[in-house]
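Notes for the one structure printed next.
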Amino acid sequence: MSIQIYNTLTRKKEPFIPMEEGKVKMYVCGPTVYNYIHIGNARPVIVFDTVRRYLEYRGYDVTYVSNFTDVDDKIIRTANELGEEVGELTSRFIHAYFEDVGALGCEKADIHPRVTEHITDIIAFIQVLVDKGFAYESHGDVYYRTRKFDGYGKLSHQSIDELKVGARIEESAIKENALDFALWKAAKEGEIAWDSPWGLGRPGWHIECSVMAREHLGDTIDIHAGGQDLTFPHHENEIAQSEAMTGKEFARYWMHNGYINIDNEKMSKSLGNFILVNDIRQQIDPQVLRFFMLSVHYRHPVNFSQDLVESSKNALERIRTAYNNLKYRLETSADLGDQQDIWMHKVNELIGDFETAMDDDFNTANAMAAIFELVKLANVYLLEENTQVNILSYFIETFDRLMGVLGLPFQSEGELLDEEVEALIEERLTARRERNFARADEIREKLKEQGILLEDTAQGTRWKRG
RNA sequence: GGCGGCAUAGCCAAGCGGUAAGGCACGGGUCUGCAACACCCUUACCACCGGUUCGAUUCCGGUUGCCGCCUCCA
């Protein structure tokens, strides 16, 4: 069974068959860098990072491109307000972006192109559209002639006429049609600008993705992804631009993630109800945040609240505990060499469940259910008096692989305790042996205040940070 | 007005024709010197009304409620 992907273009799940066997070309729309990203911005980054990881797990060679919009109205406005150069502002927030999504366990794209590095390509692209009659110059701007492109509306499944009815855009004297959109914007006094055949100006928003996707991945790409709200107009416009330019299909699979809501309302910069990743990751383990986001199917909305994050924290803790218990048990287990057995067979079944879930349009919620079944299985195995190294190792290896796909690797607990703490643990052991439980509890309480939790197991006393 | 989504236990969330996965929380039990971890047990008339079907949470029609896109937006 191949991977099934829900394609916005066809509104159906389709078997995923890349153009070139074993290779995937993937483009994900990135942020406009004039502020720290909020957790809503982080969702597509996490979701599609996970998609990428799973494709790689499945053996695909993925080329992943994600852009930065580093020039646009909001950037210019913010730079003016802060009295900062556009370039300074954007590099500051690009840096912050990498820190934020890095903390959330997202790998860097293979290529992170920036608009300002592609101005020449953008101008050349627009020129072709003008030459082909798909674009026209007006008052120093250049607009896309939406009427001319037959497929306009095919992604958002709207006809031009329907769109016009709903459009809150004023009919403009500058544009031929209200739905025409800017490819190139004439510069206003003092704005950052580049020279072009149409005078000083800068690119419109939509053109950059068409150009950069083509530049780095070619005329046709396998997967184009982004937030649901980009479907229209952004992605619709990209299709119009790219397909008019090349005469070829632009993207074969369109994937869109749902929003993050706060109190059942969309979180957005314009509504002002956003939570910055930069703030929240100081308070909440970023892995918990990632776990939380992946606990819901990517196309569904997810409501954010402290309570839900708290329950995610406990859930993740259960997985980590099982993993650590397996590792701990390694030291006191028999090494009988490699041998197959019933436990490993059950683990394999759960790996199969995990893959079935992920194959089904990256159903991370179900994939996690498989992981929890694995947790249960591991815990039951740990109930056995005599555990074996090769079975424990297989559990551990499986946890590492599957959690790796979700971008939730286990952090090593390699840190050492200071001597004082070690001494206290020793003292407590002695106290317990002498059945001086008052002293033992006192020590445990004391260490707890320092964030060190002690657990007495059949294999000895162990500690963990809590 | 056009297009679309959602409504499943206290909470979160899968499932989408054969009487409901998983997680969190709660309660009961086992284990433990006590804990912690863990294990076992318990917990659902699948928004409402019709229809199709031997059979519907799952398909169709309608109702209600919530949300989104059609404007910058992940």
Side-chain angles (χ1 to χ4, degrees), chain A residues 8 11 28-32 37-48 72-74 77 153 156-159 161-170 179 181 205 225-234 236 256-261 264-271 274 291-292 295-297 299-303 305 307-319 321-322 324-325 328 353 357 360 363-373 375-376 378-383 431-432 435-438 440-441 444-445 448 453-458 461-464 466:
Chain A
T8 307
R11 288 183 174 165
V28 180
C29 287
T32 301
I37 59 164
H38 58 63
I39 58 176
N41 297 316
R43 168 119 102 144
V45 187
I46 290 172
V47 162
F48 298 115
D72 94 319
D73 290 344
K74 290 180 301 254
R77 195 176 60 225
S156 50
H157 303 275
Q158 299 261 5
S159 75
D161 295 327
E162 284 161 353
L163 284 167
K164 277 189 75 170
V165 171
R168 275 167 268 177
I169 314 164
E170 296 292 317
L179 285 174
F181 56 91
W205 174 38
Q228 219 164 56
D229 48 355
L230 294 185
T231 309
F232 190 90
H234 186 54
E236 194 71 62
H256 294 98
N257 63 276
Y259 308 110
I260 288 190
N261 296 147
N264 283 316
E265 279 236 311
K266 176 185 168 185
M267 173 185 310
S268 77
K269 287 181 183 171
S270 35
L271 286 175
F274 54 86
F291 180 93
F292 168 69
S295 64
V296 182
H297 186 93
R299 280 189 280 116
H300 293 176
V302 36
N303 209 30
S305 79
D307 282 356
L308 296 178
V309 169
E310 182 66 24
S311 95
S312 283
K313 183 183 166 218
N314 293 338
L316 219 208
E317 195 55 36
R318 177 169 157 83
I319 301 172
T321 300
N324 290 329
N325 287 347
Y328 183 74
D353 290 349
D360 183 15
N363 193 329
T364 50
N366 277 342
M368 281 182 175
I371 286 175
F372 279 106
E373 297 286 358
V375 166
K376 170 64 74 67
N379 285 336
V380 169
Y381 180 64
L382 287 169
L383 252 26
R432 285 189 73 217
R435 303 191 68 79
N436 180 359
F437 297 123
D441 290 348
R444 187 167 60 197
E445 198 52 38
K448 191 178 172 188
L453 304 178
L454 295 187
E455 296 181 359
D456 301 318
T457 73
T461 295
R462 47 181 304 211
W463 63 274
K464 67 175 183 180

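Here the structure is a predicted model, which means the values were calculated and not measured. Below, chains carry the letters A, B, ... as their sequence lines are ordered, and counting in each starts from 1.
At a cut-off of 3.5 angstrom, counting only N and O atoms as typed in the model, there is a donor on one side and an acceptor on the other between the side-chain of A:Arg432 and the base of B:G33. In this model, a side-chain donor or acceptor of A:Arg444 finds a partner on the base of B:C34 within 3.5 Å. Not a single donor-acceptor pair, N or O on each side, falls under 3.5 Å between the base of B:G68 and the side chain of A:Asp229. Contact annotation: side chain of A:Asn303 to base of B:C12, donor-acceptor pair absent below 3.5 Å.
Between atom NE2 of residue A:His256 and atom CG of residue A:Asp229 there is a gap of 9.0 Å, rounded to the nearest 0.5 Å.
Using a 4.5 Å heavy-atom threshold, the side chains of A:Glu455 and A:Thr461 count as separate. Using a 4.5 Å heavy-atom cutoff, the side chains of A:Val302 and A:Tyr259 are not in contact.
Taking atom CD1 of A:Ile260 as the reference point, atom P of B:A74 lies 12 Å away to the nearest angstrom. For A:Ile371 and B:A21, the CD1 to C1' distance is 14 Å, given to the nearest whole Å. To the nearest angstrom, P of B:C39 lies 11 Å from CD of A:Glu373. Distance A:Asn257 CG to B:C6 P: 15 Å, rounded to the nearest Å. Between A:Asp73 atom CG and B:U71 atom P there is a gap of 16 Å when expressed in whole angstrom units. In this structure, NE2 of A:His38 is placed 7 Å from C1' of B:A74, rounded to the nearest angstrom. The distance between atom CE of A:Met368 and atom P of B:C24, rounded to the nearest whole Å, is 12 Å. The distance from atom CD of A:Gln228 to atom C1' of B:U71 is 17 Å, rounded to the nearest whole Å.
Taking 4.0 angstrom as the limit, A:Asn379 places a side-chain polar atom (N or O) nearer than this to OP1 or OP2 of B:C39. Checking the phosphate oxygens (OP1, OP2) of B:C39, a side-chain nitrogen or oxygen of A:Arg318 falls inside 4.0 Å. Remark: A:Asn314 is in phosphate contact with B:A25, judged by side-chain N or O atoms under 4.0 Å from OP1 or OP2.
The residue A:Lys313 sits apart from the nucleic acid: no heavy atom pair falls under 4.0 Å. Contacts of A:Phe232 with the nucleic acid, taken as non-hydrogen atoms under 4.0 Å apart, involve only primed sugar atoms and P, OP1 or OP2. Heavy atoms of A:Gly30 sit nowhere under 4.0 angstrom from any nucleic acid atom. Among the atoms of the strands shown, only primed sugar atoms or phosphate atoms (P, OP1, OP2) are found under 4.0 Å from some heavy atom of A:Gly226. Here A:His300 lies in heavy-atom contact (under 4.0 Å) with sugar-phosphate atoms only. Residue A:His297 is classed as a sugar-phosphate contact, given heavy-atom separations below 4.0 Å to backbone atoms only. Using a 4.0 Å heavy-atom criterion, one finds that A:Ser268 contacts the bases of the nucleic acid, with or without backbone contacts as well. Counting any heavy atom pair closer than 4.0 Å across all strands shown, A:Ile37 reaches no nucleic acid atom.
Of the two residues contacting RNA chain B, namely A:Asn261 and A:Arg11, the nearest-nucleotide position lying further toward the 5' end is that of A:Arg11.
In this view, A:Glu265 satisfies the salt bridge (charged side-chain N to carboxylate O under 4.0 Å, His left out) rule with no residue, not counting sequence neighbours.
When all heavy atoms are compared, the tightest approach of A:Ala365 to A:Ser295 is CB-O, 3.5 Å.
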Using Watson-Crick or G-U wobble pairs with both distances under 3.5 Å, give me RNA chain B in dot-bracket, 5' to 3', with [ ] for crossers and | for pairs to another strand.
(((((((..(((.....[...)))..((((.......)))).....(((((..]....))))))))))))....
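With its ring centre under 5.5 Å from that of the base six-membered ring and a plane angle below 30°, A:Phe437 counts as stacked on B:G33.
Of the listed nucleotides (B:C69, B:A21, B:A35), B:A35 has the atom at the smallest distance from the side chain of A:Asp456. Residue A:Ala440 places its side chain closer to B:G33 than to any other of B:C3, B:G33, B:A21. Nearest to the side chain of A:His157, among B:A74, B:C3, B:C24, sits B:C3.
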